[in-house]
Amino acid sequence: MKNDSGFFEMVYDVVRLIPSGRVTSYGAIARYLGTAKSARMVGWAMNAAHALPDVPAHRVVNRVGVLSGKNHFAHPSRMQELLEKEGVQIQEDQVINFREKFWDPEKELSL
DNA sequence: GATGTGACTGACC
DNA sequence: TGGTCAGCCACAT
């Protein structure tokens, strides 16, 4: 990963590595990429990731586990649907046991 | 080339 | 304990 193709590509690579049934935060990805203070950019990248088929943007939520970006999907309920299908329980647009489901690239990829 | 905006986060009051 | 403010960087206009 970490293609020099661009910031977005790096983001996509990380997001693609998120295992099913797990979720991560924009900040975690940003930090992994070295742009911790630019978590917004990750969100921005996700917006563009919308065009890509293999980028599970629904597994990316904000730091408290809220589906902040669900509104950007074709159907807002789609994000929750996909997550629940993968075993992630959602309530009030928020991931239940977010701490348990949380997938930290820095930790999981052991770098 | 300057200005505005955003799927966030951490710090401060 | 909870709401508000500012920073941050890439992309579009």
Side-chain angles (χ1 to χ4, degrees):
Chain A
M1 40 206 113
K2 289 190 175 167
N3 299 334
D4 293 332
S5 307
F7 178 78
F8 281 32
E9 287 299 326
M10 288 167 62
V11 174
Y12 302 149
D13 279 337
V14 177
V15 176
R16 273 191 272 250
L17 292 174
I18 303 173
S20 180
R22 290 300 191 89
V23 292
T24 191
S25 72
Y26 304 92
I29 298 172
R31 197 171 37 176
Y32 176 75
L33 295 179
T35 56
K37 293 167 185 174
S38 305
R40 293 178 148 200
M41 290 302 86
V42 178
W44 194 260
M46 295 274 83
N47 190 22
H50 218 281
L52 306 174
D54 293 331
V55 182
H58 61 275
R59 292 182 189 150
V60 185
V61 296
N62 66 12
R63 72 180 186 94
V64 293
V66 175
L67 312 184
S68 47
K70 66 167 185 166
N71 213 13
H72 289 257
F73 283 76
H75 297 296
S77 58
R78 186 69 172 171
M79 189 172 185
Q80 176 175 341
E81 229 175 84
L82 289 169
L83 286 173
E84 288 181 337
K85 207 168 188 175
E86 296 177 354
V88 180
Q89 298 176 312
I90 309 295
Q91 193 168 57
E92 304 282 313
D93 294 339
Q94 197 170 350
V95 177
I96 301 177
N97 295 330
F98 177 62
R99 241 180 100 126
E100 289 181 19
K101 306 287 187 184
F102 184 71
W103 182 82
D104 187 352
E106 279 189 304
K107 189 175 179 179
E108 301 295 333
L109 300 179
S110 296
L111 292 179

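Below, each value reflects all heavy atoms present in this structure, side chains not excepted, and no hydrogens, waters or symmetry copies. In what follows, chains carry the letters A, B, and so on, assigned in the order in which the sequence lines appear, proteins first and then strands, with residues in each chain numbered from 1.
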Identify all pairs in which a protein N or O lies below 3.5 Å from an N or O of nucleotides 10-13 of chain C, and state each distance.
unit_1: C/dC11; atom_1: O4'; unit_2: A/W44; atom_2: NE1; d: 3.3

### Listed partners of A/R31 passing salt bridge (Lys or Arg N to Asp or Glu O under 4.0 Å), at least two apart
A/D104, A/E106

### Task
Check salt bridge (Lys or Arg N to Asp or Glu O under 4.0 Å) between A/K70 and all other residues, then give those that pass, not counting sequence neighbours.
A/D93

### Query
Should the heavy atoms of other residues, nucleotides or ligands under 6.0 Å from CD of A/E84 be counted, would the total exceed 12?
yes

### Task
Round to a whole Å and report the spacing from CZ of A/R63 to C1' of B/dG10.
7 Å

### Task
Would you kindly give the CG-to-P distance between A/N47 and B/dG4, to the nearest whole Å?
21 Å

Could you list the donor-acceptor pairs under 3.5 angstrom formed by side chains in residues 33-40 of chain A, with sequence neighbours left out?
unit_1: A/T35; atom_1: OG1; unit_2: A/A30; atom_2: O; d: 3.4

To the nearest 0.5 Å, what is the distance between [atom1] ([X]) and [atom2] ([Y])?
{"X": "A/Q80", "Y": "A/E92", "atom1": "CD", "atom2": "CD", "answer": "9.5 Å"}
{"X": "A/R78", "Y": "A/E81", "atom1": "CZ", "atom2": "CD", "answer": "6.0 Å"}
{"X": "A/S68", "Y": "A/M79", "atom1": "OG", "atom2": "CE", "answer": "6.5 Å"}

### Query
If you look only at pairs with a residue in residues 8-30 of chain A, which of them pass as a ring-ring contact (aromatic ring centres under 6.0 Å, His included), with sequence neighbours excluded?
none

### Query
Which residue pairs pass the ring-ring contact (aromatic ring centres under 6.0 Å, His included) test with at least one member in residues 76-108 of chain A, sequence neighbours excluded?
A/F98-A/F102

### Message
Identify the stems formed by DNA chain B, where each pair is Watson-Crick or G-U wobble with both distances under 3.5 angstrom and a stem is at least 3 consecutive pairs.
### Response
B:2-6 with C:9-13, B:8-13 with C:2-7

### Message
If I compare all heavy atoms of A/P105 with all of A/V14, which pair ends up nearest, and what's the gap?
### Response
CB-CG1, 3.9 Å

Are there any protein N/O atoms within less than 3.5 Å of an N/O atom in nucleotides 5-8 of chain C, and if so, which ones and at what distance?
unit_1: C/dG7; atom_1: O6; unit_2: A/R40; atom_2: NH2; d: 2.7
unit_1: C/dC8; atom_1: O4'; unit_2: A/K37; atom_2: O; d: 3.4

#### Entry: A/M10 side chain near A/D13 side chain, heavy-atom distance below 4.5 Å
no

### Query
According to a 4.5 Å side-chain heavy-atom criterion applied to Ile, Leu, Val, Met, Phe, Trp and Tyr, with indirect links allowed, do A/V23 and A/L17 form part of one hydrophobic cluster?
no

### Message
Tell me whether A/F73 shares a hydrophobic cluster with A/I90, the cluster being built from Ile, Leu, Val, Met, Phe, Trp, Tyr side chains joined at under 4.5 Å.
### Response
yes

## Note on the structure
Sequence neighbours excluded, the answer for side chain to side chain donor-acceptor pair (under 3.5 Å) partners of A/R22 is none

### Message
Taking any heavy-atom pair under 4.0 Å as a contact, classify A/H58: base, sugar-phosphate, or nothing.
### Response
nothing

Taking distance alone, no hydrogens or angles, what donor-acceptor pairs closer than 3.5 Å link side-chain atoms of residues 41-65 of chain A to residues at least two apart or in another chain?
unit_1: A/H50; atom_1: NE2; unit_2: A/H72; atom_2: O; d: 2.7
unit_1: A/H58; atom_1: NE2; unit_2: A/E86; atom_2: OE2; d: 3.1
unit_1: A/R59; atom_1: NE; unit_2: A/E86; atom_2: OE1; d: 2.9
unit_1: A/R59; atom_1: NE; unit_2: A/E86; atom_2: OE2; d: 3.3
unit_1: A/R59; atom_1: NH1; unit_2: A/I18; atom_2: O; d: 2.8
unit_1: A/R59; atom_1: NH2; unit_2: A/E86; atom_2: OE2; d: 2.8
unit_1: A/N62; atom_1: OD1; unit_2: A/V64; atom_2: N; d: 3.2
unit_1: A/N62; atom_1: OD1; unit_2: A/G65; atom_2: N; d: 3.2
unit_1: A/N62; atom_1: OD1; unit_2: A/V66; atom_2: N; d: 2.9

### Task
Scan residues 21-30 of chain A against DNA chain B and write down, sorted by residue number, each residue with any heavy atom closer than 4.0 Å; if none is found, say none.
A/S25, A/Y26, A/G27

#### Entry: Residues from residues 68-92 of chain A lying under 4.0 Å of DNA chain B - heavy atoms
A/S68, A/G69, A/H72, A/F73

### Query
If we take the P atom in both C/dT1 and B/dT9, what is their distance in whole Å?
22 Å

